[in-house]
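Step one of this worksheet: look at the structure below.
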Protein chains: 2
Amino acid sequence: MVMHKNSSPGDITAVFGRLVEESLPGRRGEKAWRALLQAHATLMRRLDTDLREDTGLRLADFGVLAQLAGAGGELRMTELAARTLLSRSGLTRRVARLVDEGLVRRANAAGDGRGVLVALTEAGVARLTETMPVHLQGVSKLFVERLDEQELAVLETALRKVIVDCTFG
Amino acid sequence: MVMHKNSSPGDITAVFGRLVEESLPGRRGEKAWRALLQAHATLMRRLDTDLREDTGLRLADFGVLAQLAGAGGELRMTELAARTLLSRSGLTRRVARLVDEGLVRRANAAGDGRGVLVALTEAGVARLTETMPVHLQGVSKLFVERLDEQELAVLETALRKVIVDCTFG
DNA sequence: CCGAGGTACTTGCGATTGCAAATACCTATG
DNA sequence: CATAGGTATTTGCAATCGCAAGTACCTCGG
């Protein structure tokens, strides 16, 4: 065993390991946390690149169209931002791009001059119709099919418990 | 019951609902998937803003320093990119910024002229030492403490199953 | 009906991103 | 020992991001 005046190699790991123990006794939850980060990052990257290759649509744009469809075709900006987990300013620009592509339309909210109603166009519906199966099959293959009922149930309840309320944008 | 030639309000939701059923029979896993997206997005945003307010360090920069510490103080670029879930080009620039701030140092990899070794500086170690508890207590409070042993165990095994192999960058 | 203060959304700005191409170096083959 | 092809990293570029400030509109007390 070699000891130096300063840190020996691998020492740093041990020092910070001890620091982890102080906040996470027994390093409880560390592996689950890491798994969450890694699963999310790799799944998103894969789903996004696959979707773009197969349909030309970005995952974030798909998310906007899908949320609109799930809400009956139209939503206010703020509500849409909340559902898509996008910042308000980010949504403003994303919607602008979708309007340019003709997939979405903007209208004034009836009875509130401040509000903007975003609605799917016919082209948007058509685009979503061809895109949806591609994305869902990706989610199915990479996520749903790899998990059993119990795992899905626990994931749902556990992850719901850790959703934080935080304003986006 | 009112029927129009074209879609009636709410119709779109039903149409796409049917489309979901085709790829996800019984909409299996849909709720868990949604919970994953929402938990990740809100947790990350919260942890990042909290960390920045309390220590001035971005979450992504913290991640780089923490991975280096966990690996004994230094890593090659590609390995570091993989561990931090960053793209290679993203890491190049992030490391450049960290070098500017003096938290990290670059050196040539011994025996491979192509390789770059990124290492924590003393200042980097110091910064990490003061930052680590803040971040970990955030993770503890928002994530670990809200879950029981079984939930953490299932999260870990389930999420590990859905980690995709995909090159970053 | 006026004005203060709240809400809804957009925009200026500087920072950051990833992709694809470029650079630099290594390795194996003939 | 030349060179073809692979690996490690960086950079040009155009797109995108969030924050903070700005605009527009609504609401309500007086």
Side-chain angles (χ1 to χ4, degrees), chain A residues 40-42 44-53 56-64 74-101 104-119 166-169, chain B residues 40-42 44-53 56-64 74-101 104-119 166-169:
Chain A
H40 180 273
T42 59
M44 286 307 155
R45 176 168 283 256
R46 178 66 169 272
L47 287 171
D48 188 29
T49 61
D50 284 359
L51 193 68
R52 208 177 315 194
E53 272 175 22
L57 203 63
R58 289 161 194 282
L59 188 53
D61 288 333
F62 169 82
V64 170
E74 59 179 34
L75 279 172
R76 296 269 302 247
M77 290 292 285
T78 298
E79 180 62 23
L80 185 54
R83 296 198 191 193
T84 53
L85 305 170
L86 260 42
S87 71
R88 287 148 202 257
S89 68
L91 182 65
T92 293
R93 296 184 236 250
R94 187 163 296 281
V95 165
R97 289 187 289 263
L98 290 172
V99 169
D100 286 346
E101 296 178 57
V104 131
R105 174 177 16 97
R106 302 171 51 118
N108 293 354
D112 187 346
R114 298 165 303 178
V116 173
L117 219 38
V118 184
C166 65
T167 336
F168 275 79
Chain B
H40 181 273
T42 60
M44 287 307 155
R45 174 168 284 255
R46 177 66 170 271
L47 287 170
D48 187 30
T49 60
D50 284 0
L51 193 70
R52 206 175 319 190
E53 272 175 23
L57 203 63
R58 288 163 193 283
L59 188 53
D61 289 332
F62 169 82
V64 170
E74 60 179 33
L75 280 172
R76 298 267 302 246
M77 290 293 284
T78 298
E79 180 61 23
L80 185 54
R83 297 198 192 194
T84 52
L85 306 170
L86 260 42
S87 72
R88 288 146 201 256
S89 67
L91 182 66
T92 292
R93 296 183 236 251
R94 188 163 297 281
V95 165
R97 290 187 288 264
L98 290 172
V99 169
D100 287 345
E101 295 178 58
V104 132
R105 175 175 17 95
R106 303 170 51 119
N108 293 355
D112 186 346
R114 298 164 301 177
V116 173
L117 220 38
V118 185
C166 66
T167 336
F168 274 79

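No hydrogens, no waters, no symmetry mates; every other heavy atom, side chains included, goes into these values.
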_Under-4.0 Å side-chain N/O to phosphate OP1/OP2 contact, S87(B) with dG18(C)_ =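 For dG18(C), OP1/OP2 do have a side-chain N/O of S87(B) under 4.0 Å.
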Of the candidate nucleotides [options], which contains the atom at the shortest distance from the side chain of [X]?
| X | options | answer |
| --- | --- | --- |
| D112(A) | dT11(D), dA8(C), dA20(D) | dA8(C) |
| R76(A) | dG18(C), dC9(C), dT9(D) | dC9(C) |
| M77(A) | dC19(D), dC9(C), dC19(C) | dC9(C) |

Figure out the [atom1]/[atom2] separation between [X] and [N], and round it to whole Å.
| X | N | atom1 | atom2 | answer |
| --- | --- | --- | --- | --- |
| L98(A) | dT16(D) | CG | C1' | 14 Å |
| L75(A) | dC9(C) | CG | P | 11 Å |
| L86(A) | dC9(C) | CG | P | 14 Å |
| R88(B) | dG18(C) | CZ | P | 13 Å |
| N108(B) | dC26(C) | CG | C1' | 14 Å |

*So which one's nearest nucleotide on DNA chain C is more toward 5', T78(A) or T49(A)?*
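Its nearest nucleotide lies further toward 5', so the answer is T78(A).
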*With sequence neighbours excluded, tell me which residues meet salt bridge (Lys or Arg N to Asp or Glu O under 4.0 Å) with R93(B).*
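Per chain and number, R93(B) pairs via salt bridge (Lys or Arg N to Asp or Glu O under 4.0 Å) with no residue.
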*Taking salt bridge (Lys or Arg N to Asp or Glu O under 4.0 Å) as the test, write out the residues that go with R105(A), two or more places apart.*
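Partners of R105(A) by the salt bridge (Lys or Arg N to Asp or Glu O under 4.0 Å) criterion come out as none, since no residue qualifies.
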*When you match E79(B) and L91(A) each to their closest nucleotide on DNA chain D, which lands nearer the 5' end?*
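Final value for this comparison: E79(B).
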*DNA chain D: 5'-proximal contact among L117(B) and D61(A) (nearest heavy atom)*: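 On the 5' side of the pair lies L117(B).
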Between the protein and nucleotides 21-24 of chain C, which nitrogen or oxygen pairs come in under 3.5 angstrom?
none

Find out whether [X] and [Y] are in side-chain contact, i.e. whether some heavy atom of one side chain is under 4.5 Å from a heavy atom of the other.
| X | Y | result |
| --- | --- | --- |
| D48(B) | R52(B) | yes |
| V104(A) | V99(A) | yes |
| L117(A) | R76(A) | yes |

*Approximate separation, where rounding is to 0.5 Å, of L57(A) CG and L59(A) CG*: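 Nearest 0.5 Å value for the CG-CG distance: 8.5 Å.
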*Which value, rounded to the nearest 0.5 Å, describes the distance between L85(B) atom CG and T42(A) atom OG1?*
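One finds 7.5 Å between CG of L85(B) and OG1 of T42(A).
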*Go through the structure and list residues passing side chain to side chain donor-acceptor pair (under 3.5 Å) with R58(B), not counting sequence neighbours.*
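Here no residue qualifies.
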*Results of side chain to side chain donor-acceptor pair (under 3.5 Å) for R97(B) - residues two or more places apart only*: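 Once residues adjacent in sequence are excluded, R97(B) has no partner under the side chain to side chain donor-acceptor pair (under 3.5 Å) criterion.
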Distances under 3.5 Å only, N/O to N/O: pair up the protein atoms with those of nucleotides 13-16 of chain C.
| from | atom 1 | to | atom 2 | distance (Å) |
| --- | --- | --- | --- | --- |
| dT16(C) | OP1 | R58(B) | NE | 3.4 |
| dT16(C) | OP1 | R58(B) | NH2 | 3.4 |

